[in-house]
Amino acid sequence: MRALTGTESLELLRDLIRIPSVNPILAPHEGHNEVKIAEFAVEWLRKHHIHAEIEFVEPGRPNVYAELGDGDGPTLCFCAHLDTVGTEGMTIEPFEPTVEGNRVYGRGSCDMKAGVASIMSAAAILTAEGTIKGKVILALICDEEYASIGADHYVLHHKADACILTEPSDLKMVVAHRGFLWAKITTTGRSAHGARWDLGESAITKMGTILVELDQFDKKVLRERKDPLVGPASMHVSLANGGVGVSTYAPECQIHIERRTLPNEDTDAVKAEIEQVVNEAVEGTEVEWYFKRDPLLCDENAEIIQHATKAYEKVMGHEVERIGWEVWTDAAVFHQAGIPTINIGATGFGLHEPVEWVDFESVMKNTDILVESAKSFLKTGSSISN
């Protein structure tokens, strides 16, 4: 008999979906309930005898921290994000969850309130069973869908020996994913009247040369640079702006690029390579690197992989499939903080799309995998070194 019934877990998931916790940076007119969902999570956890509290990252931008166990042993973190993307273009009711068979529909049902529900349910089950020798801490965090300020804040204030994220992964174990770099490239020209070809110099024309070279570099060089788990490196131009008027030679042009990085790539080498391509196309062009997220690669010998594998096989009755992702997740933030991190999440469809759903049976399996992973890891896992 489970300490928490399937009906209770389903209602928890539906309650989470009903709270429209849209990221306020992505959709300011929709995003205003991150505090409300954090308050709901804290109240629910406290009702299930789990210490829980809100930690504000910025005004109106909360994380939820919770803990359970006797503290006499290692610490395992379960992490999921509370925010979602917006609802524009959705063809189903985003915040009134419907259930059809095993599918639960709504914005965030799969990405990733299913993961939040699995973590909260697992915590309630472990608390009711009283099996924790060590500590389980919960990281229910804000802003994953934009800049991950919640994850950055959490790892500055809390330590753990390992972490399991629950982004939807079709119950596969994600042990690696790509990172990314953002840069702004600026070319300069000479402003002049459109009739003065003898004086004017278009910054946009210069940028055109750079665009061609970057495209060729992406297709001919980066796509041949492959990692067995996460696939090839890649790069794309995402934004462009230039010029001041139709009858004026453009004095400046800017583009923004995103370079997706592999686990074994050196950041400085990646930057130098792009800068070389740009400046060989147009000498003296400015390249400004302004944001970075590291890739993830969890050591195959990490204890959390061994214990989660054992737990998975106990719950599912077969071996787990270990995979890599092309996308980025908060797992990299925890891993870069020295916390070996993997991801196992539910099965679903429609992330960021007009129709989104999650398979509830997989949510239940995810919960059981978390419970068994905690029991295994906290029984034999090594604790943080002081």
Side-chain angles (χ1 to χ4, degrees), residues 25 143-149 151-152 155-156 163 165 167 174-188 203 206-242 252-300 302 322-343:
I25 305 301
D143 199 50
E144 189 275 345
E145 296 290 1
Y146 185 66
S148 293
I149 62 172
D152 285 338
V155 299
L156 284 176
C163 179
L165 263 73
E167 290 276 9
V174 181
V175 298
H177 64 60
R178 298 195 298 174
F180 62 88
L181 295 165
W182 290 350
K184 180 175 69 175
I185 299 173
T186 303
T187 53
T188 56
K206 290 183 178 181
M207 189 63 78
T209 302
I210 293 172
L211 289 170
V212 170
E213 293 303 315
L214 287 175
D215 185 60
Q216 291 301 304
F217 176 71
D218 175 46
K219 292 176 178 177
K220 293 183 177 180
V221 178
L222 295 184
R223 301 301 170 83
E224 298 301 317
R225 194 175 297 167
K226 299 177 182 178
D227 179 272
L229 283 171
V230 305
S234 65
M235 188 213 70
H236 72 279
V237 177
S238 50
L239 296 169
N241 183 62
E252 185 174 278
C253 184
Q254 293 179 343
I255 62 170
H256 292 251
I257 65 170
E258 181 180 73
R259 167 71 156 83
R260 291 282 168 165
T261 56
L262 306 180
N264 62 352
E265 288 191 298
D266 176 77
T267 298
D268 290 337
V270 168
K271 291 179 178 179
E273 192 174 46
I274 295 291
E275 290 168 8
Q276 181 179 353
V277 172
V278 169
N279 279 281
E280 285 181 355
V282 178
E283 187 176 354
T285 300
E286 178 185 350
V287 181
E288 176 189 349
W289 300 95
Y290 63 90
F291 194 69
K292 179 186 79 164
R293 285 301 186 187
D294 291 314
L296 168 72
L297 180 60
C298 191
D299 189 323
E300 63 181 7
R322 297 179 188 174
I323 62 171
W325 270 348
E326 293 185 341
V327 300
W328 186 89
T329 75
D330 280 338
V333 175
F334 284 78
H335 199 74
Q336 289 300 314
I339 305 170
T341 302
I342 60 172
N343 185 98

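For the single chain, residues carry numbers from 1 onward in sequence order. Excluded from the calculations below are hydrogen atoms, water molecules and symmetry mates; all remaining heavy atoms, backbone and side chain alike, are included.
- For the pair Ser238 (side chain) and His256 (backbone), a donor-acceptor distance under 3.5 Å is present.
- Between the CD1 atom in Ile149 and the CD1 atom in Ile25 there is a gap of 7.5 Å [rounded to 0.5 Å].
- Within the 3.5 Å criterion, the main-chain N or O of Glu326 finds a donor-acceptor partner in the side chain of Arg178.
- Under a 3.5 Å cut-off, the side chain of Asn343 and the backbone N or O of Val174 do not form any donor-acceptor pair.
- Between His335 and Cys298, the shortest heavy-atom distance links the atoms CE1-CA, 3.6 Å.
- Rounded to the nearest 0.5 Å, atoms CD (Glu265) and CZ (Arg225) are 5.5 Å apart.
- At least one side-chain heavy atom of Arg223 sits less than 4.5 Å from a side-chain heavy atom of Asp218.
- Separating the OG1 atom in Thr186 from the CD atom in Gln254 is a distance of 4.0 Å, to the nearest 0.5 Å.
- Remark: side-chain polar atoms of Trp328 are not paired, donor with acceptor, to backbone N or O of Leu296 under 3.5 angstrom.
- Across every non-hydrogen atom of Val287 and Ala183, the tightest pair is CG1-CB, 4.2 Å.
- In plain terms, the two heavy atoms of Pro263 and Asp227 that are nearest each other are CD-OD2, 4.0 Å.
- Of all the heavy atoms in Asp152 and Ala147, the pair that sits closest is OD2-O, 4.2 Å.
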Requested in this report: Would you sort out whether Lys292 and Thr261 count as a side chain to side chain contact (heavy atoms under 4.5 Å, CB included), showing the intermediate values?
Outcome: CA-CA 10 Å; Lys292 179 186 79 164; Thr261 56; over 6 Å; no
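- Among pairs with a residue in residues 278-287, those fulfilling side chain to side chain donor-acceptor pair (under 3.5 Å) read Gln276-Glu280, at least two apart in sequence or across chains.
- In this structure, the ring-ring contact (aromatic ring centres under 6.0 Å, His included) partners of Trp182, at least two apart in sequence or on a different chain, are Phe180, Phe291.
- Note that CZ of Arg293 and OG1 of Thr329 are 10.5 Å apart. Values are rounded to the nearest 0.5 Å.
- Taking both residues in full, the closest heavy atoms of Met207 and Ile185 are given as CE-O, 3.4 Å, listed atom of the first, atom of the second, then distance.
- Glu273 has its side chain out of reach of Met235: every pair of non-hydrogen atoms, C-beta onward, lies at least 4.5 Å apart.
- Scored by the salt bridge (charged side-chain N to carboxylate O under 4.0 Å, His left out) test, Glu258 finds Arg260 as partners (sequence neighbours excluded).
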Requested in this report: Carefully, step by step, assess Ile274 and Leu181 under the rule side chain to side chain contact (heavy atoms under 4.5 Å, CB included).
Outcome: CA-CA 11 Å; Ile274 295 291; Leu181 295 165; over 6 Å; no
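- Between Glu300 and Val175, the closest side-chain pair of non-hydrogen atoms is not below 4.5 Å.
- In this structure the side chain of Pro232 never reaches within 4.5 angstrom of the side chain of Glu224, judged on heavy atoms.
- Counting heavy atoms of neighbouring residues, nucleotides and ligands inside a 6.0 Å radius, atom NZ of Lys271 exceeds 12 of them.
- For the pair Asp294 and His177, the tightest heavy-atom approach, listed with the atom from each and the gap, is O-CE1, 4.4 Å.
- Between the CH2 atom in Trp289 and the OG1 atom in Thr267 there is a gap of 9.5 Å [rounded to 0.5 Å].
- Atom-to-atom distance recorded for Leu262:CG and Leu229:CG is 11.0 Å, nearest 0.5 angstrom.
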